[in-house]
Amino acid sequence: MLRINYLTLVAVGAFGLLAACGPKTPAGAGDAPPTEVGVIVIGESSATITSDLPGRTSAYRKAEVRPQVSGIIQKRLFTEGAEVKAGTQLYQIDPSTYEAALTSAQAEQSRAEANFAAAKARNARFQSLIVSKAISQQDFDDAQAAFAQAQASLEIAKASVEAARINLKYTKVLAPIGGVIGKSSVTEGALVSAGQAQVLATIQQLDPIYVDVSQSADELLSLRRQTMSGKVSVAGEAKVKLTLSDGTHYAQEGRLQFSEVGVSESTGTVVLRALFPNPDKLLLPGMFVRTELQEGTHAKAILVPQIGITRDRSGGATALVVNKESKVEVRPLKTSRAVGDKWLVDEGLAVGEQVIVEGLQKVKPGATVKTVPAKIATKTGE
């Protein structure tokens, strides 16, 4: 009896040892399920083409006030930093010498007028006498010449009076334009000269105000090509928005005025000029700003969230696309610009294709995946 039990135990142990050495089947046997990724389905939509460009403000009009006659400054008649109107007197130059010059010119005109009257009367008498041969032809010719000289002398005298009157007028230095006047470079008693290099004061018109921005010539060329091909429609007057240096948005909206016809050789950019209302004088000349220029509308734009597009080593744009076999493939793309938080794709994607935007780090090209609508698509309403 004891021997049988012993043999039985040996047999059971040998069977268990063989079972332990045999192949194992892991729990949950079978292939692993496909990785789940969030995708967006490519579609066409209308997109406003904008460019974010740096710029600086400049005055709408700027006038440098200089004297047009020489003399001593007697008075300064404005407050520095104040608003002045066109025609407002700014300085008074000592007028005494110009008043004397005007009086002298007027006296010369009176003498010329008297000479002219006498020459005119003599010429009239000689015209009647020459008919009856009472005077010689030489006397008649001399009378006519004297009359012509008297007439010319009178015109010269009148011009001298007008010049003296203009010089006297210029002793009152007037504002050529309306605007904000800066500091004065001279005080009472200073000697100024006509045509001097030194500016007496500067007036700047700040409402409206210009904003000059620089755009890459390549971007401008790309936009014009898309416009010519019909992909982008350009409005007659482009709108421009401003962001100030402190990050705040300027309330007023501007309009693009013109663009330069040449490209800067040093920077490869084209200067664009926009015009903005500035009723509160918040914008001052020389301020640095950021502009958002609305250049046109792309009627059939393909937009992909920026998180779904990566760059390869050469800088080219790529995206992971799920094909009809539910496999992941790398797709090289050609992008032109950012539109909000998306890239505008010019080449590489077609309507209806699925681009992975969530779970990119979990998959590789060639892998089989399970697609679900991306959360970002739900949030943005795509």
Side-chain angles (χ1 to χ4, degrees), residues 37-54 213-235 238-241 243 259 263 267-270 272 290-324 327-366 369 371 373-382:
V37 292
V39 300
I40 61 167
V41 179
I42 296 299
E44 293 180 338
S45 60
S46 177
T48 301
I49 305 302
T50 62
S51 293
D52 185 18
L53 304 171
V213 300
S214 298
Q215 184 178 35
S216 166
D218 293 338
E219 290 184 2
L220 186 61
L221 180 61
S222 175
L223 177 66
R224 289 185 175 179
R225 283 177 174 170
Q226 290 179 342
T227 303
M228 293 172 65
S229 66
K231 292 182 179 179
V232 176
S233 59
V234 179
K239 299 179 181 179
V240 188
K241 297 180 180 179
T243 302
S259 62
V263 179
T267 61
T269 58
V270 177
L272 311 177
R290 300 291 304 183
T291 64
E292 183 185 287
L293 174 62
Q294 298 181 9
E295 298 178 299
T297 303
H298 198 308
K300 297 181 179 180
I302 292 180
L303 301 174
V304 178
Q306 294 183 7
I307 61 172
I309 293 181
T310 57
R311 300 284 172 176
D312 56 24
R313 292 182 179 180
S314 61
T318 61
L320 295 182
V321 179
V322 181
N323 60 24
K324 295 180 179 180
K327 293 185 179 296
V328 178
E329 64 179 51
V330 179
R331 185 72 57 81
L333 308 177
K334 182 179 179 181
T335 59
S336 57
R337 65 180 67 210
V339 179
D341 61 348
K342 300 178 177 63
W343 281 110
L344 176 62
V345 178
D346 294 331
E347 297 178 7
L349 291 175
V351 175
E353 292 190 302
Q354 300 180 94
V355 176
I356 302 174
V357 295
E358 295 174 355
L360 290 166
Q361 69 281 2
K362 299 186 296 184
V363 296
K364 295 181 178 180
V369 294
T371 61
K375 295 179 180 178
I376 185 173
T378 304
K379 291 180 181 179
T380 56
E382 290 186 14

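Quick note: residue numbers are just sequence positions, from 1.
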Taking Leu333 as the fixed residue, which of Thr318, Asp346, Ile309 is the one that meets the side-chain contact (heavy atoms from CB on, under 4.5 Å) rule? Ile309
Against Ile40, only a single residue in Leu303, Thr371, Ile356, Val355 fulfils side-chain contact (heavy atoms from CB on, under 4.5 Å); can you say which? Val355
Should Lys327 and Glu329 count as an ion pair when the cut-off is N to O under 4.0 Å? no
Please report the interatomic distance [atom1]([X]) to [atom2]([Y]), rounded to the nearest 0.5 Å.
X	Y	atom1	atom2	result
Glu292	Thr243	CD	OG1	7.5 Å
Leu349	Thr335	CG	OG1	10.5 Å
Asp341	Ile307	CG	CD1	8.5 Å
Leu272	Ser214	CG	OG	7.5 Å
Thr291	Leu53	OG1	CG	4.5 Å

Residue pair [X] / [Y]: nearest heavy atoms and the distance that separates them:
X	Y	answer
Ala301	Leu344	CB-CD1, 3.5 Å
Val37	Gly359	CG1-O, 3.9 Å
Gly38	Ala374	C-CB, 3.8 Å
Asp312	Ser314	OD1-OG, 2.9 Å
Val345	Val304	CG2-CG2, 3.8 Å
Ala319	Gly308	CB-O, 3.7 Å

Glu358 side chain to Lys375 main-chain N or O, any donor-acceptor pair under 3.5 Å? yes
Does the salt bridge (Lys or Arg N to Asp or Glu O under 4.0 Å) test come out yes or no for Glu353 and Arg331, once each step is laid out? CA-CA 11 Å; Glu353 292 190 302; Arg331 185 72 57 81; 3.0 Å; yes
Can you name the salt bridge (Lys or Arg N to Asp or Glu O under 4.0 Å) partners of Glu44, sequence neighbours left out? none
Stepwise side-chain contact (heavy atoms from CB on, under 4.5 Å) check, Val213 with Arg290: CA-CA 9 Å; Val213 300; Arg290 300 291 304 183; over 6 Å; no
Mind running side-chain contact (heavy atoms from CB on, under 4.5 Å) on Val328 and Val321 for me, showing each step along the way? CA-CA 6 Å; Val328 178; Val321 179; over 6 Å; no
Checking Val363 against Leu320 for the side-chain contact (heavy atoms from CB on, under 4.5 Å) test, could you report, in this order, the C-alpha distance in whole Å, the side-chain angles of both residues, the deciding distance, and whether it holds? CA-CA 9 Å; Val363 296; Leu320 295 182; 4.2 Å; yes
With side-chain contact (heavy atoms from CB on, under 4.5 Å) as the test, would you mind laying out the steps for Gln294 and Lys241 before giving the verdict? CA-CA 8 Å; Gln294 298 181 9; Lys241 297 180 180 179; 3.8 Å; yes
